[in-house]
K.L.:
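Quick one: the structure is below, questions incoming.
Both backbone and side-chain heavy atoms feed into the values below; hydrogens, waters and symmetry mates do not.
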Amino acid sequence: MTGFFSELDEQSAEGDDAPKSELLLCITSDRGLCGAINGNVAKYVKSAIADNTAAGLETPLIILGERGLPLLNRDYAENIKYHYAQVGL
């Protein structure tokens, strides 16, 4: 992840104080035993990306957990920078 964060630091050091991006960390489960929580998290992330796009912000996305990737990959594959699964094992 060092390369990703150093890229963000370079972008913020270029000049104006207005943020150009907003990092989202999407945390979902690895298995489907959490009811609708994974779908609700994905719905919130999609809403936040839409709001940021309307405000002119880029929205890089880090997904933690197996269930978040298929829910967000189709529409926001270009936003997904990293995906981690089976972290708690």
Side-chain angles (χ1 to χ4, degrees):
M1 289 198 310
T2 307
F4 175 72
F5 289 114
S6 65
E7 182 180 312
L8 286 179
D9 288 340
E10 289 171 11
Q11 289 176 358
S12 65
E14 289 178 359
D16 58 1
D17 294 334
K20 296 181 175 104
S21 64
E22 180 177 285
L23 176 68
L24 287 179
L25 176 61
C26 174
I27 302 175
T28 61
S29 67
D30 285 325
R31 298 198 171 112
L33 302 175
C34 293
I37 188 71
N38 297 315
N40 288 334
V41 168
K43 188 188 311 183
Y44 176 80
V45 168
K46 289 177 182 181
S47 173
I49 291 174
D51 291 345
N52 287 346
T53 302
L57 295 173
E58 294 179 16
T59 310
L61 183 60
I62 297 175
I63 299 175
L64 194 62
E66 284 290 331
R67 296 297 177 176
L69 187 63
L71 294 172
L72 297 167
N73 195 33
R74 184 180 66 194
D75 297 328
Y76 300 105
E78 69 278 356
N79 294 70
I80 299 171
K81 302 302 178 191
Y82 295 100
H83 171 244
Y84 299 99
Q86 303 295 327
V87 175
L89 295 179

K.L.:
How long is the straight-line distance from SG of C26 back to CG of L61, given to the nearest 0.5 Å?
P.N.:
6.0 Å
K.L.:
I'd like to know if the side chain of N79 and the backbone of T59 have a donor-acceptor N/O pair within less than 3.5 Å.
P.N.:
yes
K.L.:
Any donor-acceptor pair under 3.5 Å linking the side chain of D30 with the backbone of Q86?
P.N.:
yes
K.L.:
Among the clusters formed by ILVMFWY side chains lying less than 4.5 Å apart, do L57 and L23 turn up in the same one?
P.N.:
no
K.L.:
In Å, rounded to the nearest 0.5 Å, how long is the span from NZ of K46 to CG of L72?
P.N.:
6.0 Å
K.L.:
Return yes if some donor-acceptor pair links the side-chain N/O of H83 with the main-chain N/O of G65 below 3.5 Å, else return no.
P.N.:
yes
K.L.:
Are L24 and I80 joined in one hydrophobic group, where the rule is that I, L, V, M, F, W and Y side chains link up if heavy atoms are under 4.5 Å apart?
P.N.:
yes
K.L.:
L25 and side-chain contact (heavy atoms from CB on, under 4.5 Å): which single residue from V45, I63, I62 fits?
P.N.:
I62
K.L.:
With no hydrogens and no angle check, is any side-chain donor or acceptor of N38 less than 3.5 Å from a backbone partner on G68?
P.N.:
no
K.L.:
Measure the CD1-OG1 distance between I49 and T53 for me, rounded to the nearest 0.5 Å.
P.N.:
7.0 Å
